[in-house]
Peer 1: 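Quick one: structure below, then a few questions.
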Amino acid sequence: MTRPQLNIYRHDRGRRALITLAGEIGPATAPQVRAALERCLHDGITTIDVDLTTVGLCDGSGLRIFLDASRHAAETHASLRLHHPSRQTARLLTDTGSDLLLL
């Protein structure tokens with residue numbers, strides 16, 4: 001069995017960061033996402049945009065990372081928004097009520 005792959009790309013423009021994720025977000029890859037988002041906040045980024053265009057799967061562990069990062073961002077007067085979720089991810093966000101917070 002192969003491990004899920006996830007590539008993370010970061011592009012900063014001033015105090016704004018675009019994080020582009022490509023692959024799957026699950027238990028094996030969620031810690032990578034957490035680290036990337038925490039690094040943004042540590043670096044003083046105040047607006048984090050996460051592009052999910054090429055994320056095929058995001059499960060509950062990924063959702064937990066995004067919710068935790070959003071809460072942490074708000075505590076530091078920053079914001080985190082998800083963009084272009086797949087149909088599956090959008091359904092997960094809607095079913096949990098997280099769409100109002102993250103989209």
Peer 1: Less than 4.5 Å apart, any side-chain heavy atom of V33 and any of I19?
Peer 2: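 Side-chain contact under 4.5 Å: no.
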
Peer 1: Of all heavy-atom pairs between G26 and S61, which one has the smallest distance, and what is that distance?
Peer 2: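 Closest approach of G26 to S61: C-OG, 3.1 Å.
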
Peer 1: If only atom types and distance count, is the side chain of D59 paired as donor or acceptor with the main-chain N or O of G62 below 3.5 Å?
Peer 2: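 Yes; at least one donor-acceptor contact below 3.5 Å.
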
Peer 1: Output the distance between atom CZ (R81) and atom OG (S70), rounded to the nearest 0.5 Å.
Peer 2: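 R81 CZ to S70 OG: 6.0 Å, rounded to 0.5 Å.
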
Peer 1: Roughly how far apart are R10 CZ and L37 CG, rounded to 0.5 Å?
Peer 2: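 With rounding to 0.5 Å, CZ (R10) is 9.5 Å from CG (L37).
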
Peer 1: Rounded to the nearest 0.5 Å, how far apart are CG of L21 and CG of N7?
Peer 2: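 Between atom CG of L21 and atom CG of N7 there are 9.5 Å.
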
Peer 1: State plainly whether one hydrophobic cluster holds both L41 and I45, where clusters connect Ile, Leu, Val, Met, Phe, Trp and Tyr through side-chain heavy atoms under 4.5 angstrom apart.
Peer 2: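 Yes, one cluster joins them.
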
Peer 1: When L63 is tested against each of D68, L82, L93 for side chain to side chain contact (heavy atoms under 4.5 Å, CB included), which residue passes?
Peer 2: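 Single side chain to side chain contact (heavy atoms under 4.5 Å, CB included) partner of L63 among D68, L82, L93: L93.
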
Peer 1: Return the CD1 to CZ distance between I8 and R39, rounded to the nearest 0.5 Å.
Peer 2: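 It comes to 13.0 Å.
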
Peer 1: Pair T89, F66 - check side-chain contact (heavy atoms from CB on, under 4.5 Å), show working.
Peer 2: CA-CA 12 Å; T89 302; F66 291 132; 5.9 Å; no

Peer 1: Show your working on side-chain contact (heavy atoms from CB on, under 4.5 Å) between I65 and I25 and close with a plain yes or no.
Peer 2: CA-CA 10 Å; I65 297 301; I25 305 171; 5.9 Å; no

Peer 1: Of all the heavy-atom pairs spanning S86 and G56, show the shortest one and how long it is.
Peer 2: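 Closest approach of S86 to G56: OG-O, 4.2 Å.
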
Peer 1: Going through the distances and angles, do V50 and L102 end up as a side-chain contact (heavy atoms from CB on, under 4.5 Å)?
Peer 2: CA-CA 10 Å; V50 181; L102 296 172; over 6 Å; no

Peer 1: Let me check something: do Y9 and L6 share a hydrophobic cluster, defined by ILVMFWY side-chain heavy atoms less than 4.5 Å apart, either directly or through other members?
Peer 2: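 Result: no, two separate clusters.
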
Peer 1: For Q5, does the CD atom have more than 12 heavy-atom neighbours from other residues, nucleotides or ligands under 6.0 Å away?
Peer 2: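 Atom CD in Q5 is not crowded, with 12 or fewer foreign heavy atoms closer than 6.0 Å.
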
Peer 1: Could you grab the distance from atom OG1 of T47 to atom CG of L18, nearest 0.5 Å is fine?
Peer 2: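 One finds 12.0 Å between OG1 of T47 and CG of L18.
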
Peer 1: Can you tell me how far the OG1 atom of T76 sits from the NE2 atom of H42, to the nearest 0.5 Å?
Peer 2: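 Between atom OG1 of T76 and atom NE2 of H42 there are 12.5 Å.
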
Peer 1: Could you go step by step and tell me if H77 and T46 meet the side-chain contact (heavy atoms from CB on, under 4.5 Å) rule?
Peer 2: CA-CA 7 Å; H77 305 289; T46 57; over 6 Å; no

Peer 1: Pick one: which of T53, D49, T20, D51 meets side chain to side chain donor-acceptor pair (under 3.5 Å) with H83?
Peer 2: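 Exactly one candidate clears the test, D49.
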
Peer 1: Do the side chains of L52 and C58 get nearer than 4.5 Å, heavy atoms only?
Peer 2: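 With C-beta onward as the side chain, the pair stays apart.
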
